[in-house]
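Reading through the structure tokens given below for one structure.
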Amino acid sequence: MGIAKPFLITGLILLIFQGCSSTSWIVQDEVMDPNDFEKVASSYFLQSMNDISPNQPVVHFDLMASDTYEFTQRIETKRYIQRYKPRLGYVLLGMAGTGLSYYAALSEDLVKRPTDQQRYALMGAGSLLTGLSFLNMKPSGEPKATGESRLMRKTGTVLEKDTLSVLPYNENKAEIKISYNDRVLVEKTEWPFEGKRISINLAEEIDASQFSGNDNFQIKVEAFYDSLYAETKVPVSSVFEQFVVVNSQVTALRNEPIANSENVLTDLAEGSQLKLVATEGEWHKVLYGISEKWVAAKDVRSIWRPSEFASALSVITVPNMPYGSVDVEQNIPVIGQSDLNSSAFILTNYKYEGELSERVYGARDARLMEEYIIQAFGIRESRIVKAANVNTDRQADRAYSRLLSSLHDEQSLTVYLSGYAEIQDSKLYMIGCEQADGENQHIDLQSLFRALSNLSLDNLIIFADLDVVSEVQNESVLDDLAAIVTESIDSSAVIFGAKPHQRSEVYTSANENKRHSIFTYYLADAIKEGNVTLSSFFNHLDRNISFTSRSIYDRPQNPSFYGNHDLKLVN
């Protein structure tokens, strides 16, 4: 029992000190004491941070309060638990020393046998040595935080701001001012708060029609309250959406951005409105129903409108009617017998490029006139000279040379001209279809009329459907041009479809779609009505053209007559 007891003690020590843990407080950082503070300053301001979109075009100015507090800064300590394990090497050395001590204490050598006191001393020293070897431990794992912390001594102070929205602090009303490109649009001095904020619906306060389609400026919104002031700038595109309005008489709605007759879905009449999706070069992508289609950019103008405008769009479509479906294209009367002494000259321009819109019914007008010349007037097809989409005087001269080679003396000649025209140097020129260096090319109508006046003709009738696009309003250009012919040939007449300051419109509306210019339609209609003399013929034009233009476009279009009223359409 005496020998076993020390080993039992050693085993217990080994069991106790096999692993242990301890806690300690460790300095972490300097922190703000949330319980030790003082309010040192306070202020108010207006702030606008909300996003604006056409679906939610409302600007908000929030009334904010900013309070500044001074907090005490202290040293922060945190409590951690650390586990330890005995170091194996030290434990083995301690146990070896203990074994030697016990061996010496229990030796039975009679010569060197220790006394009882020495034996207990050796055994105690050995046990102590083993115990000390277990006390020399190493950390096991990372320290674990207990979640306890203490704030120690003060090291300084720190300032913190607290910002929050607040209700108005007095009875004053807010003021607002909305401006655009340095021009004040809206200014109101009694604007109420909605709770803690000033709310301004820009789509309701601003008239969108004052913005053009290419506006790049921003709308400036300012708010005033007491001595406070704030402003924000909003792009026009964040308030309104872009739409396009057809400003040509008719434009094609296409499936692709290519000028091709095969990709035309339908025709849109002037005034049609569509939502703009994107712009790619000379084309606008628009929303037609739920589908994205294309229109020529030169045929429309862009406008800004509120998003709800999309629910009330006016789209005037022109059904695709094949030739022969319109009344004047059917049952053409015969008013003249086949005449070998009559010829005709048809010069039409309709496929324009650049800023000018295509004259969508130009080809159909030319075909209508050709059929009336053949069937109604009795002029043989072989005696009709046609030229379409010419650009220069040289090309027009070539067409005239073909006419000249087919004519004989004492003949009758009917001429039909159609296209855009403009006034330059007090003279009227027909515009060529293609541009040169970005500029319009011209066909000198004075030269053409002089050439016609030099012909030896029995009679000459010219129908001129010229759409004058000049801003110059000079009615004398028609007088001067017609005089070249009427003063040289007694049996001659010139009829213009519109005056220089008017547009030659197309006969297309939501109710009636004749798919011709108004002038050309009533030329055919007058013949169908049996008007043979030019006086009755022109009376029919004068009554109907102006009325139709005003009823469809609310614009005047007045034809003009020069020459001999007693002439007949056919000999």
Side-chain angles (χ1 to χ4, degrees), residues 247-250 270 347-350 352 355-357 359-362 365 369 415-431 440 442-450 452-453 460-487 492-509 514 516-526 531 534-565 567:
N247 58 4
S248 64
Q249 295 166 340
V250 177
E270 184 176 4
L347 175 60
T348 56
N349 279 359
Y350 48 87
Y352 283 90
E355 296 181 355
L356 293 174
S357 302
R359 288 174 63 86
V360 291
Y361 300 140
D365 284 344
M369 287 305 300
V415 177
Y416 174 75
L417 305 175
S418 174
Y420 287 114
E422 63 181 347
I423 300 171
Q424 287 191 352
D425 299 327
S426 299
K427 294 181 180 180
L428 190 63
Y429 292 85
M430 194 169 179
I431 301 176
N440 292 331
H442 297 96
I443 300 163
D444 190 346
L445 292 177
Q446 283 68 221
S447 295
L448 177 60
F449 275 48
R450 277 194 296 269
L452 293 173
S453 68
L460 171 63
I461 300 175
I462 300 175
F463 302 108
D465 189 8
L466 300 176
D467 189 3
V468 182
V469 295
S470 298
E471 295 182 358
V472 179
Q473 297 186 7
N474 185 354
E475 291 194 24
S476 65
V477 295
L478 299 186
D479 302 342
D480 297 339
L481 185 60
I484 296 174
V485 170
T486 57
E487 292 180 0
S492 64
V494 181
I495 299 177
F496 293 101
K499 295 187 180 299
H501 61 278
Q502 300 170 348
R503 300 299 301 272
S504 179
E505 311 285 4
V506 296
Y507 200 158
T508 297
S509 68
K514 300 300 185 180
H516 288 285
S517 73
I518 296 176
F519 176 67
T520 305
Y521 174 84
Y522 280 111
L523 284 181
D525 188 60
N531 297 282
L534 288 188
S535 59
S536 63
F537 181 85
F538 182 74
N539 286 337
H540 184 86
L541 299 182
D542 198 29
R543 287 196 312 270
N544 290 283
I545 292 176
S546 180
F547 172 79
T548 303
S549 177
R550 288 187 180 277
S551 63
I552 296 177
Y553 301 101
D554 195 25
R555 293 194 291 263
Q557 179 181 339
N558 303 109
S560 300
F561 184 97
Y562 298 89
N564 191 337
H565 284 77
L567 286 179

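All values below were derived from every heavy atom in this structure, side-chain atoms included, with hydrogens, water molecules and symmetry-related copies excluded.
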Worksheet item: Mind checking whether Tyr416 and Phe463 have ring centres under 6.0 Å apart?
Response: no
Worksheet entry | Distance-minimising heavy-atom pair for Glu505 and Gln249 | CA-NE2, 2.7 Å
Item to complete: Could you walk me through whether Ile545 and Asn558 pass side-chain contact (heavy atoms from CB on, under 4.5 Å), step by step?
Response: CA-CA 7 Å; Ile545 292 176; Asn558 303 109; over 6 Å; no
Worksheet entry | Counterpart residues, side-chain hydrogen bond (donor to acceptor under 3.5 Å, both in side chains), relative to Arg550 (two or more places apart) | none
Discussion item. Could you check whether any side-chain N or O of Thr486 sits under 3.5 Å from a backbone N or O of Ala482, counting only pairs where one atom can act as donor and the other as acceptor?
Written reply: yes
Worksheet item: Distance only, no hydrogens: is a donor on one side chain within 3.5 Å (strictly under) of an acceptor on the other, for Thr548 and Tyr522?
Response: yes
Discussion item. Tell me if a side-chain donor or acceptor on Asn539 pairs with a main-chain N or O of Ser535 at a distance below 3.5 Å.
Written reply: yes
Worksheet item: Is there a side-chain contact between Ile443 and Leu448 (heavy atoms, below 4.5 Å)?
Response: no
Which pairs would a plain distance check flag for residues 419-430, meaning a side-chain donor or acceptor within less than 3.5 Å of a matching protein atom at least two apart in sequence or in another chain?
unit_1: Tyr420; atom_1: OH; unit_2: Ser357; atom_2: O; d: 2.9
unit_1: Glu422; atom_1: OE2; unit_2: His442; atom_2: NE2; d: 2.3

Worksheet entry | Side-chain heavy-atom pair Ile431, Leu356 within 4.5 angstrom cut-off | yes
Discussion item. If I compare all heavy atoms of Phe561 with all of Ala493, which pair ends up nearest, and what's the gap?
Written reply: CZ-CB, 3.9 Å
Worksheet entry | Close side-chain approach of Phe537 and Ile495, heavy atoms under 4.5 Å | yes
Item to complete: Run the salt-bridge test on Arg555 and Glu270 with the 4.0 Å N-O cut-off and return the result as yes or no.
Response: yes
Worksheet item: Around Glu355, counting heavy atoms of other residues, nucleotides and ligands shown, do more than 12 lie under 6.0 Å from its CD?
Response: no
Fill in: side-chain contact (heavy atoms from CB on, under 4.5 Å) partner of Arg359, the single match among Asn349, Val506, Thr348, Asp465
Asp465
Fill in: Check: Phe519 ring centroid to Tyr507 ring centroid under 6.0 Å
no
Item to complete: State which residues pass side-chain contact (heavy atoms from CB on, under 4.5 Å) with Ser560; sequence neighbours excluded, sorted by chain then number.
Response: Leu478, Phe496, Lys499, Tyr562
